[in-house]
Structure formats: C-alpha cells, structure tokens
Amino acid sequence: MIRAFSISQTPCEGFRLFRALRRNSFLPANPLSSSFALKCCIKSGDLLGGLQIHGKIFSDGFLSDSLLMTTLMDLYSTCENSTDACKVFDEIPQRDTVSWNVLISCYLRNKRTRDVLVLFDKMKNDVDGCVKPDNVTCLLALQACANLGALDFGKQVHNFIDDNGLSGALNLSNTLVSMYSRCGSMDKAYEVFNRMRERNVISWTAMISGLAMNGFGKEAIEAFNEMLKFGISPEEQTLTGLLSACSHSGLVDEGMMFFDRMRSGEFKIKPNLHHYGCIVDLLGRARLLDKAYSLIESMEMKPDSTIWRTLLGACRVHGNVELGERVISHLIELKAEEAGDYVLLLNTYSSVGKWEKVTELRSLMKDKRIQTKPGCSAIELQGTVHEFIVDDVSHPRKEEIYKMLAEINQQLKIAGYVAEITSELHNLDSEEEKGYALRYHSEKLAIAFGILVTPPGTTIRVTKNLRTCVDCHNFAKFVSDVYDRVVIVRDRSRFHHFKGGSCSCNDFW
DNA sequence: ATAGGGTTAG
C-alpha cells in the first residue's frame, strides 16, 4: 500500500504520510516502510525527518538490518555528514559491497577524496572479508583519481578492472577516458578510447572535453567532426567541450563558426551559459573585449558571476582598466565578488602601472577583510602525494628542495629567464623583494622537488589549486627546456603541457 | 531493493 503512494506523492508528502500513519499506529513497525520514508527524506534533503526515522529505527530494533543501515548512510551522505555515515557503517553487522560503495560515494561527495583511495585499497585487500570492489567501486575510485589528479592510482584501478573481468563496460571505459584526461595523460585516454568496441555520445564528449582541457584544440575539432560522421548527435556538454577547445587554443574563427552553426539550430541545442562563457573567453583572449561585452548584453538569460569573471580575466590580460572596473561593478551588483576578482583587478592596475589605484584597492580589500587563498601544489611520486604551499618549510626534505630551487633559478637565469614581477600580489616595497617572494610559489617548490627526486627525463606532473601565475608559467617553460623534461601542470581549470620551452596552452602571450 | 553512470564555461 505504501509503495503505491510512492508513485503519486512527492517525497515530502510521502514522509508526512509515513509520520501520520505511525502516529495513529496504523502502520506496524517494518523496515521496509522505514526505508521508504528514509528515501523520501534523502530526496527532499530533509535531515531532521531523517534523524527522527533514525530514532524510530533504533526504537523498533531494526539497527541490525543491514539494508536499512545502508540507506541511513546515504541519508547522512546527502546531508554532508560523512562522520555519521561512517559511524553507521561501523555498526552495520554484515557489510556487503554496496555498504562499502555507499561509504565511498559519501567520501567522494563530501570531498574526502583521499579516503576513497584508502577504502578502495582496503576492499581490494579484502580487509573486511568477502568484499571485493565491483564495477561501481571502480567507477567511484576512478572519479576520485580524476579529482586528485592521481595518475598512478588511476592506473592501478585500471589494472584491477582488466584483471577482474570488469573491462568492456561502457560506463567504465567512459570514466577511464575522463580520468586519464583529467590526469593529463592524453596518450592513455586515446588508448582506452580507441580500444572501445562501442562508443556513445558520452564517450565522444569525454574525449573532446579531455582534449580541450589539455590544450589540444585541433584534435578536439577533428574528434567532433568524426563523431558527426558516425551519425552521433552532440549534447550540450559536447558543444561546451568543443567551444572551450577552440578558446583554449586560440581558434577564434573555428569557435565562432561552431557557435554560429549552433545558433542556426543545426545541432538542435540552444546556447546555454557555458557556451556563452566559452565564447566570451574566446573573444576576450583575442582582444575583442567590446565584442565580448556586447555578447553578454545580448544574452537571453541573466549573466552569472562566472561570465563576468571570464571577461575580467581578459581585461587583466589586455590591461583594460576601464572595462575591468565596469565588470567588477557587475560582480558587486550580483553580490558574487570573490577575493580572486579583486586580485584580477589589482593585477590589471599593476600591469598598466596605476600604482595609486593599486594602493586604493588594497586598502579597500583590507577594509572588506578579503582574504586571498594560499596557493597549493601537489606532486605524486610512487603513489604518495607531496603537497606544497607558498614558502613551504614543512617538507622533511626542505633544505634539499630549496637548494635545488636556487640551482634551477641560476640555470634558468643563464638561459634568459627573468622573474615577472607583476605576478606578485603581496604588498612588497622593492622590486628586489618581489622577485625574492616569487621564488617560493608552491608550483616552483613542487617542480624543484620533482627534479630533485626523479631520474633525468621523467615527466613531472604537478597539480595546483589556483590558476598558475605568469611567472610560474614562464618558469616551467624554461625548466622544460633547460632540464629537458616534460612538465605537466594541472591548473584549477586545465592542463599546461610544457615541452622544449613552450606550452600547449594559449594563456599568456 | 541499499551504490553510480559524463558535471561540462573560468
């Protein structure tokens, strides 16, 4: 009877019904109805209702019902309470693969990405007895690897998939393509993609977005055209990937052409905010700032903060102060301005030498108590992730690292590297001091560590939480040439492949 | 009958 209601009632109504029935004792205690009510709470994000049901489950004596406990974990997981989800997990009498998977998905959802990898290892080594990772576990683990940029671990999961007869599933292959792309390994992404027996629009989208993210615009366009040849229609995300590929690689004409084809209705998809964002970025990079501005004004939907932020980034690159100020006023109007926005405007002022404006804005930021986020870079070595923050002195091998960095700086100087002072945001007085502070940006520390501990010729892979600055970008270019290393840096939003003194991206001219 | 599927402009 209750199940019939689940079809016609909205989640909230379903829960109210459950409560009413319980209050009037029409409903005998039964784990199935509790499970249904829990699901209602999960759907509607009703933590309080869920807690009440947890209490009922306790008083009804159903705490030993493993299935019910698993649903309960999912409640805490959706309500961003991984601690309580974990507590419930510990109390489940018979944990099966699904209970493990729910916990893993909880950790993934709640940004406890490292714990996902720990749990995957535990399952693989059968710590709990009779529990083995299945296709869902692998899928979740791969997503965690993609988020972390943990390529080595991702490869291990890939091996596990192959060794345990799980390969061949379309969703796993799609996730593998995405994971390898998001770890900056396009060779491996291609390999998986090429071996796939069947490919759906998701596979193509994963490949196109991966190429876009890694700065391979031409290849992304080729993949898109090939997809059309196979008779597969693009989705919104496919076109987002395609347009972002064009903007990242400076393919202005191609990007505009695809955008026009889109607007003409060829793909039966109307441009959304993401598509507009790509085109604003494309025009902005090409110095067509006014065109970008009027495109934003012409949009049929309200521009969000990201759209404005994209234009602000272009103002910074081209030193357009007037437009930059206009853009930040839009962000303030939206009440969406962030520390990074002020930093961009600050950079715009300093790039054109408007020092009095710089001082003014700095004191404004101080008044508004705007805190900038510290940069953090990570490098994965033999499965261990080493993290560095600006001026980091916490690493056990810090002395060697700083010595290495000093040596690298000396070598680069000989090759013609000059520190880019406008990148430095701290309030430093002399130019000399500025150059000094720049030396300890987190990605430089991570790169120095990579050179220190890996044999010559090894690819250095670094992941960073913010966008890389002009100076570190330059630094990496020189390192790739002078030390003959491929350096792959994952930014907040994309990859930079440095090789022989140049970068695959189109970010800095 | 408890997990997830590719999260997408910067």
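The chains referred to below are lettered A, B, ... by the order of the sequence lines, with proteins before strands, and numbering in each begins at 1.
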Is the phosphate of [N], meaning OP1 or OP2, less than 4.0 Å from a side-chain N or O of [X]?
X        : N     : value
A:Ser99  : B:dT2 : no
A:Ser247 : B:dA9 : no
A:Ser209 : B:dT7 : no
A:His248 : B:dA9 : no

With respect to the side chain of [X], which nucleotide from [options] is positioned closest?
X        : options              : value
A:Asp281 : B:dA9, B:dT2, B:dG10 : B:dG10
A:Asn101 : B:dA3, B:dG6, B:dG10 : B:dA3
A:Asp74  : B:dA3, B:dA9, B:dG6  : B:dA3
A:Thr310 : B:dG4, B:dG10, B:dG6 : B:dG10
A:Ser178 : B:dA9, B:dT2, B:dG6  : B:dG6
A:Cys278 : B:dA1, B:dA9, B:dG4  : B:dA9
A:Asn171 : B:dT7, B:dT2, B:dG5  : B:dG5

Just to be sure I understand the rule, does [X] reach a base, reach only the sugar-phosphate, or reach nothing, if contact means heavy atoms closer than 4.0 Å?
X        : value
A:Asp134 : base
A:Thr175 : sugar-phosphate
A:Leu140 : sugar-phosphate
A:Thr306 : base
A:Val102 : sugar-phosphate
A:Thr240 : sugar-phosphate
A:Arg109 : sugar-phosphate

Going by the angle between their ring planes, with limits at 30° and 60°, are [X] and [Y] parallel, tilted or perpendicular?
X        : Y        : answer
A:Phe230 : A:Trp204 : tilted
A:Trp308 : A:Tyr293 : tilted
A:Phe498 : A:His496 : parallel

What's the [atom1]-[atom2] distance between [X] and [N], to the nearest Å?
X        : N      : atom1 : atom2 : value
A:Asn135 : B:dG6  : CG    : P     : 12 Å
A:Ile232 : B:dG6  : CD1   : P     : 15 Å
A:Arg199 : B:dG6  : CZ    : P     : 16 Å
A:Ile208 : B:dA9  : CD1   : P     : 12 Å
A:Arg285 : B:dG10 : CZ    : P     : 6 Å

* Under the ring pair (Phe, Tyr, Trp, His ring centres under 6.0 Å) criterion, do A:Phe216 and A:Tyr190 qualify, and how do the steps go? -> CA-CA 12 Å; A:Phe216 300 107; A:Tyr190 259 129; 8.4 Å; no
* To do: Determine whether any donor atom in the side chain of A:Asp304 lies under 3.5 Å from an acceptor atom in the base of B:dA9, or the reverse, and answer yes or no.
  => yes
* **Pair of N/O donor and acceptor under 3.5 Å linking B:dG4 base with A:Gln143 side chain** => no
* Asked: Is the CD atom of A:Gln371 crowded by more than 12 outside heavy atoms at less than 6.0 Å?
  -> no
* Asked: Would you find more than 12 non-hydrogen atoms of other residues, nucleotides or ligands less than 6.0 Å from A:Gln94 atom CD?
  -> no
